[in-house]
Amino acid sequence: MNLPGIETLVKAPFAEGDVFIAGRWCAAEDGRTFPVHDPATAELIREVSAAGPADAMAAVDAAQAAAAGWRATPARRRSEVLHTAFALMREHTDTLARLIVLENGKAYRDAAAEVGYAAEFFRWFAEEAVRIGSSFGDAPGGGFRHVVRRHPVGVTAFVTPWNFPAAMATRKIAPALAAGCPVLLKPAPDTPFTALAIAALLSEAGLPDGLLNVLPTDRAPEVVSAWLRDERVRKFSFTGSTATGRTLLGQAAENVVNVTMELGGNAPFIVCEDADVDAAVRGAMDAKMRGGGEVCIAANRFYVHESVAAEFTGKFAAAMTAVRAGAGMEEGVTLGPMINRTAVETIRSLVDDAVGRGAKVAARGSVPEGPGCYHPATVLVDVDEDARIMNEEVFGPVAPLATFTDEDELVARANATVHGLASYIYSRDVGRALRLAERLETGMVGLNRGLLSDPAAPFGGVKQSGLGREGGREGIEAFLETQYIALDWPTD
């Protein structure tokens, strides 16, 4: 497929409009649009079709109409479509990465890495599609047989965030399609273009019409509520804030909709006294600065043993100061703009609160002048445990540091949060690191590693960081129902 170039995609990617329903590009039913801006310049990219409730219902109609045929499609054929989608994403990495840079702002190297990561979900779940099986066995008490079969849950609805516009979409789309489910997708209003490009690629890969419907909009409550009120929608998956997740859980409960929730994080990054400090600094840069820190599993709170605090702080501060901020496509830029002005102001308020409570600025990088949505890479030390920045999700390039001496006290501080998504530990003693990991109340732990996401591993959290898992073998389970058949037959 010749995916249109970046200029074509953002100026007029689809002749009739930006809503993709039943394999057709169309405008919103009521003609509404909304603006999308470049966070590097704050300039308008263009107006995008804003789907509404009528479009939401049309998408459910299309998905339901396509469901039976896809459910009956052999797993091998579903797998082939996903393999082709993987190849097309890899082929068009540069165009997709440029698209992400334009609407999300992240540095090109991060955007290109995201495209590769996103494509891997198509490959992983293409391979999982053919492993969905049934079982047959004898009842332990004798007299009849058990047949246990798996079948697709039905129409699925997804809401994805702006921080990974490609990967958060494919992490949901791929297992749903592999399991035999049609998809409704509402991408974030800040970053609709990447989702639309993925829809175009899947169509080219041979996905039948109606199985992926993409509805960009700035009126999410109307669209999502319409989906959750429709009894044909049997699975809902959301990635976003804990506050919004709570609201959507309540709505999903009305029809007892199967839900997966990947919500906020407050990840501790622990540096033990026996850690390789240089490795810990490299890991801290990965865990804190990937995607400009606008990542749910980003290191949020740094706990450094008092005996290595000076060394770690000095080296980490130097690395953060060296970060080059600027527009994502500029040569050498490693920190792009934040998604919008509101995000910048939120981070500034967290820093101001911490400094007001006695924290000191150990490092502050530079940012370009102009209207872009930039915040400098910043390291804070002597941060009070009651500071907002230690207790709220830090969705930006700011790292607050505190010290510890006692392991039990450390664990108590690390676990003193409603969140439980990810955590990080650096120690040369693997036994100690594993002991600490088992005591931390998080769904994922990186041991001597600042990057932990992998399509082949289950991604998700505990406590108020979410429900269920995405990725890994567990990822496809969310889109399958289990049916048990008690089987007997005449013996004469």
Side-chain angles (χ1 to χ4, degrees), residues 86 89-90 93 96-97 100 104 106-107 109-128 158 160-176 178 188 191 194 198 237-241 260-270 279 282-300 334 393-397 419-426 437 440 442-462 465-478:
F86 163 74
M89 281 198 76
R90 294 293 296 269
T93 294
L96 291 168
I100 292 170
N104 168 277
K106 66 179 61 176
R109 70 170 191 177
D110 280 350
E114 181 187 343
V115 175
Y117 174 53
E120 286 294 335
F121 285 105
F122 283 136
R123 178 156 66 172
W124 172 258
F125 285 109
E127 295 163 349
E128 288 298 293
F158 302 147
T160 53
W162 48 261
N163 59 337
F164 285 89
M168 296 303 95
T170 61
R171 192 163 77 185
K172 299 178 191 294
I173 292 169
T191 56
T194 303
I198 290 172
S237 181
F238 170 76
T239 298
S241 72
T260 297
M261 293 275 170
E262 195 265 281
L263 306 177
N266 190 8
F269 188 102
I270 298 167
R282 291 192 296 271
M285 292 301 293
D286 286 336
K288 175 74 263 182
M289 297 302 291
R290 184 172 66 118
E294 295 177 303
V295 181
C296 57
I297 59 171
N300 222 52
T334 54
E393 187 170 28
V394 183
F395 231 59
H419 296 107
L421 190 57
S423 54
Y424 303 87
I425 301 168
Y426 272 77
L440 294 178
T442 62
M444 298 171 286
V445 185
L447 297 185
N448 296 319
R449 182 170 177 79
L451 298 174
L452 52 75
S453 300
D454 190 296
F459 188 104
V462 300
S465 283
L467 299 169
R469 295 294 183 270
E470 295 181 323
R473 293 183 177 179
E474 294 82 354
I476 202 167
E477 295 293 323

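When reading the values below, keep in mind they use all heavy atoms of this one structure, side chains included, and skip hydrogens, waters and symmetry mates. Keep in mind that this is a model prediction, so the values were computed, not measured. Positions are given from 1, in the same order as the sequence printed here.
Not counting sequence neighbours, Ser465 has no partner by the side chain to side chain donor-acceptor pair (under 3.5 Å) test. Residues passing the ring-ring contact (aromatic ring centres under 6.0 Å, His included) test with Phe238: none are found, sequence neighbours excluded. Listed by chain and number, the residues in a side-chain contact (heavy atoms from CB on, under 4.5 Å) with Arg449 are Leu451 (sequence neighbours excluded). Listed by chain and residue number, nothing satisfies the side chain to side chain donor-acceptor pair (under 3.5 Å) test with Thr191 (two or more places apart in sequence, or in another chain). Listed by chain and number, the residues in a side chain to side chain donor-acceptor pair (under 3.5 Å) with Glu120 are Arg123 (sequence neighbours excluded). Here Glu294 pairs with nothing under the side chain to side chain donor-acceptor pair (under 3.5 Å) rule; sequence neighbours left out. Applying the side-chain contact (heavy atoms from CB on, under 4.5 Å) test to Ala118 and every residue at least two apart in sequence or in another chain returns Met89, Ala166, Ala167, Thr170. For Asn266, the side-chain contact (heavy atoms from CB on, under 4.5 Å) partners two or more places apart in sequence, or in a different chain, are Asn300, Arg301, Thr417, His419. The side-chain contact (heavy atoms from CB on, under 4.5 Å) search around Ala126 returns Ser79, Leu82, His83, not counting sequence neighbours. Tyr424 pairs by the ring-ring contact (aromatic ring centres under 6.0 Å, His included) definition with Phe269, not counting sequence neighbours. For the ring-ring contact (aromatic ring centres under 6.0 Å, His included) test, no residue two or more places apart in sequence or in another chain qualifies with Phe164.
Of all heavy-atom pairs spanning Ala169 and Pro165, the tightest one is CB-O, 3.7 Å. Of all heavy-atom pairs spanning Gly291 and Val295, the tightest one is CA-CG2, 4.3 Å. Across all their heavy atoms, Ala97 and Ala111 have their closest contact at O-CB, 3.5 Å. Minimum interatomic distance between Ala279 and Tyr426 (heavy atoms only, all atoms of both residues): O-CE2, 3.5 Å. Of all heavy-atom pairs spanning Ser423 and Leu440, the tightest one is OG-CD1, 3.5 Å. Closest approach of Ala298 and Ala267 over heavy atoms only: O-CB, 3.4 Å.
The shortest side-chain heavy-atom distance between Lys106 and Ile100 falls under the 4.5 Å cut-off.
With Lys172 as the partner, the side-chain hydrogen bond (donor to acceptor under 3.5 Å, both in side chains) test is satisfied by one option alone out of Thr260, Thr160, Thr239: Thr239. Each of Lys288, Met289, Arg282 was evaluated against Met285; a single residue qualifies, Met289, per the side chain to side chain contact (heavy atoms under 4.5 Å, CB included) test.
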Give the table of side-chain donor-acceptor pairs shorter than 3.5 Å for residues 452-460, with sequence neighbours excluded, one pair per line with atom names and distance.
unit_1, atom_1, unit_2, atom_2, d
Asp454, OD1, Ala456, N, 2.8

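Rounding to the nearest 0.5 Å gives a distance of 7.0 Å between CD1 of Ile198 and CG of Leu96. In this structure, CD1 in Ile297 is found 8.0 Å from CD in Glu262, a value given to the nearest 0.5 Å. If you take CD1 on Ile425 and OG1 on Thr442, they are separated by 7.5 Å, rounding to the nearest 0.5 Å. Atom CE of Met168 sits about 7.0 Å away from atom CD of Glu114, to the nearest 0.5 Å. Rounded to the nearest 0.5 angstrom, Glu477 CD and Glu470 CD are separated by 14.0 Å. A distance of 7.0 Å separates SG in Cys296 from CD in Glu393, rounded to the nearest 0.5 Å.
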Discussion item. Please evaluate residues Arg171 and Phe125 with respect to the criterion side chain to side chain contact (heavy atoms under 4.5 Å, CB included), reporting the C-alpha separation (whole Å), side-chain torsions for both, the decisive distance (0.1 Å), and the verdict.
Written reply: CA-CA 9 Å; Arg171 192 163 77 185; Phe125 285 109; 5.7 Å; no
